[in-house]
Enquirer: 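Okay, here's the structure, questions in a sec.
These numbers come from a predicted model, not from an experiment. For the numbers below, each heavy atom of this structure counts, side chains included, while hydrogens, waters and symmetry mates do not. To find a chain, count down the sequence lines: A is the first, B the second, and so on, and within it residues start at 1.
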Amino acid sequence: MPELPEVEVTRLGLLQSLPGRRVKKIVCGGKRLRTPLPRALLALHILAGRIVAIDRRAKYLLFRMDNGSVLLIHLGMTGKLGLIPSAEPCAVHDHLRLQLDNNMDLRYNDSRRFGSIMVWPPTEARQMENAFSARLGVEPFSRRFNTRYLRERGRSKKQAVKNFLMDARMIAGIGNIYANEILFGAGIHPLSPVNTISDGEWKRIIHSTRRVLTRAIRAGGSTISDFLGSSGNPGYFQLHFMVYDRAGKQCRRCSTPIGKCIVGGRATYFCPTCQPAGQTI
DNA sequence: CGGCGCACCTGAGTGC
DNA sequence: TGCACTCAGGTGCGCC
């Protein structure tokens with residue numbers, strides 16, 4: 001499900017009612033996610049704590065507790081967070097349940113179990129967050145996401161620009177759907193080698209990235225199969241896809257049939273006219 | 001050492 | 001119906 005917009009929509013939804021709530025009880029499912037659930041740390045640091053803030057870094061959500069600990073959640077491909085009445089029975093693939101002090105649960109559901117849940121203890125949270133953040137690239141809405149940064153990091157790279165955009169160590173939060181949409185908006189072919197992108201093209205990529213992500217967040221994210229915001233509402237940005245999953249259909253801008261190829265093992269869509277193949281790999 | 005292929009999982013869709 | 005097969009929004013490992 002989730003790239004930056006879906007994670008951000010989830011965060012904004014949870015912000016309505018989660019801050020200030022105390023965790024009264026924690027129930028873990030039996031199966032492991034990408035990593036085993038940190039049962040002991042959850043019991044030690046999250047249980048009985050109060051959630052004071054919810055932040056996002058890349059595609060991760062950071063739940064900050066009043067004791068200084070941090071609950072870190074990544075949704076993987078199919079992870080969902082929802083606020084559900086405590087009386088409701090658990091669903092298939094519910095893996096974590098935080099029972100709150102208002103008769104509501106924060107529940108984590110993830111059929112494919114590619115997500116992950118971690119806990120940073122109060123005494124180590126600062127240092128762990130620094131190390132965690134250092135491994136991730138710039139946030140698309142930060143000032144550090146600029147032409148100079150992209151030129152420097154991409155200077156010696158021959159890989160396809162689409163793979164570069166999706167590399168979390170370079171830029172945070174962009175996945176397969178939005179990489180396709182961003183490059184269409186910038187008029188750049190996904191196979192263009194990174195080291196051939198001009199400053200003017202980086203500018204278009206920056207502009208397109210922010211525009212696409214902003215519009216997607218405003219639309220409530222994209223609901224391809226089953227993404228629901230924490231409010232239980234689907235997103236509608238998929239109605240605005242220009243290229244993603246539109247192979248063979250007419251380009252909304254010029255009517256040329258949308259092309260498809262595989263880049264880095266991922267389905268890649270582009271308009272051969274609006275995104276001319278200059279130099280490609 | 002950059003960059004690729006693949007594994008990790010379940011479920012939905014398709015075609016026979 | 002049912003079975004076999006393909007594909008899916010992410011990440012990180014091993015390998016060349």
Enquirer: Would you classify A:Gly265 as touching base, sugar-phosphate or nothing, given that sugar-phosphate means primed atoms plus P, OP1 and OP2, and contacts are heavy atoms under 4.0 Å?
Expert: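 No contact at all - A:Gly265 keeps every heavy atom at 4.0 Å or more from the nucleic acid.
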
Enquirer: Does a side chain donor of either A:Asp199 or A:Thr147 reach within less than 3.5 Å of an acceptor in the other side chain?
Expert: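 The criterion, which ignores hydrogens and geometry beyond distance, is not satisfied for A:Thr147 and A:Asp199.
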
Enquirer: Answer yes or no: does a side-chain N or O of A:Tyr244 lie under 4.0 Å from OP1 or OP2 of C:dG9?
Expert: yes

Enquirer: Does A:Cys251 offer a backbone N or O that forms a donor-acceptor pair with the side chain of A:Arg246 under 3.5 Å?
Expert: no

Enquirer: For B:dG3, does either OP1 or OP2 sit under 4.0 Å from a side-chain N or O belonging to A:Asn163?
Expert: no

Enquirer: Checking A:Glu129 against A:Arg64 for the salt bridge (charged side-chain N to carboxylate O under 4.0 Å, His left out) test, could you report, in this order, the C-alpha distance in whole Å, the side-chain angles of both residues, the deciding distance, and whether it holds?
Expert: CA-CA 11 Å; A:Glu129 182 166 349; A:Arg64 300 189 189 280; 2.9 Å; yes

Enquirer: Do we count A:Phe114 as stacking onto B:dC8 if the rule is ring centres under 5.5 Å and planes under 30°?
Expert: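 Whether judged by distance or by angle, A:Phe114 passes, so it stacks on the base of B:dC8.
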
Enquirer: Between B:dT14 atom P and A:Asp245 atom CG, what is the distance in whole Å?
Expert: 11 Å

Enquirer: When you check the side-chain N and O atoms of A:Thr268 and A:Lys162, is any donor under 3.5 Å from an acceptor?
Expert: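 A pair is found: one side chain offers a donor N or O, the other an acceptor, under 3.5 Å apart.
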
Enquirer: Once you round it to whole Å, what is the distance between C1' of B:dC8 and NZ of A:Lys31?
Expert: 14 Å

Enquirer: Provide the distance between the two P atoms, one in C:dC7 and one in B:dG5, to the nearest whole Å.
Expert: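 Looking at atom P only, C:dC7 and B:dG5 are 15 Å apart.
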
Enquirer: Measure the distance from CD on A:Glu6 to P on C:dG10 and round it to the nearest whole Å.
Expert: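 That distance rounds to 9 Å.
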
Enquirer: If you only use heavy atoms from C-beta on, which nucleotide in C:dG9, B:dC8, B:dT10 is closest to the side chain of A:Arg112?
Expert: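 When the side chain of A:Arg112 is considered, B:dT10 is the closest of C:dG9, B:dC8, B:dT10.
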
Enquirer: In whole angstroms, how far is the P atom of C:dG9 from the CZ atom of A:Phe237?
Expert: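 Distance check: A:Phe237 CZ to C:dG9 P gives 16 Å.
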
Enquirer: Expressed in angstrom and rounded to an integer, what is the separation of A:Leu33 atom CG from C:dT11 atom C1'?
Expert: 14 Å

Enquirer: For B:dG2, does OP1 or OP2 lie under 4.0 Å from any side-chain N or O of A:Lys158?
Expert: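 Indeed not, no polar side-chain atom of A:Lys158 lies that close.
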
Enquirer: Could you see if A:Leu15 belongs to whatever hydrophobic cluster contains A:Met104? Use Ile, Leu, Val, Met, Phe, Trp, Tyr and a side-chain cutoff under 4.5 Å.
Expert: yes

Enquirer: Kindly express the pairing pattern of DNA chain C in dot-bracket notation, using | wherever a base pairs with another strand and counting only Watson-Crick or G-U pairs under 3.5 Å.
Expert: .|||||||.|||||||

Enquirer: Classify A:Asp110 by what it touches in the nucleic acid, base, sugar-phosphate, or nothing, heavy-atom distance under 4.0 Å.
Expert: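 No contact.
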
Enquirer: Quick one: A:Leu191 CG to B:dC4 P, roughly how many Å, whole number?
Expert: 10 Å

Enquirer: Can you check the distance between B:dG3 and C:dG9, where both ends of the measurement are the C1' atom (answer in whole Å)?
Expert: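 Those two atoms are separated by 22 Å.
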
Enquirer: Taking for each residue the nucleotide of DNA chain B bearing the nearest heavy atom, is the 5' side occupied by A:Arg34 or by A:His93?
Expert: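 This one resolves to A:Arg34.
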
Enquirer: Judged by modelled atom types alone, do A:Asp110 and A:Thr78 share a side-chain donor-acceptor pair under 3.5 Å?
Expert: yes

Enquirer: Just compare C:dA8, B:dT10, C:dG12 and give me whichever is closest to any side-chain atom of A:Tyr60.
Expert: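 Closest nucleotide among those given: C:dG12.
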
Enquirer: Return yes if the base of B:dC9 and the side-chain atoms of A:Arg113 contain a donor-acceptor N/O pair under 3.5 Å, otherwise no.
Expert: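 Result: no qualifying N/O pair found.
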
Enquirer: Counting any heavy atom closer than 4.0 Å, what does A:Arg266 reach on the DNA or RNA strands: base, sugar-phosphate only, or nothing?
Expert: base

Enquirer: Step through it carefully: locate the ring centre of A:Tyr60, locate the ring centre of A:Trp120, and say whether they are under 6.0 Å apart.
Expert: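 No.
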
Enquirer: Among C:dA8, B:dG11, C:dG10, find the nucleotide with the atom closest to the side chain of A:Ala267.
Expert: C:dA8

Enquirer: Is there a donor-acceptor contact under 3.5 Å linking the side chains of A:Ser222 and A:Tyr178?
Expert: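 A pair is found: one side chain offers a donor N or O, the other an acceptor, under 3.5 Å apart.
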
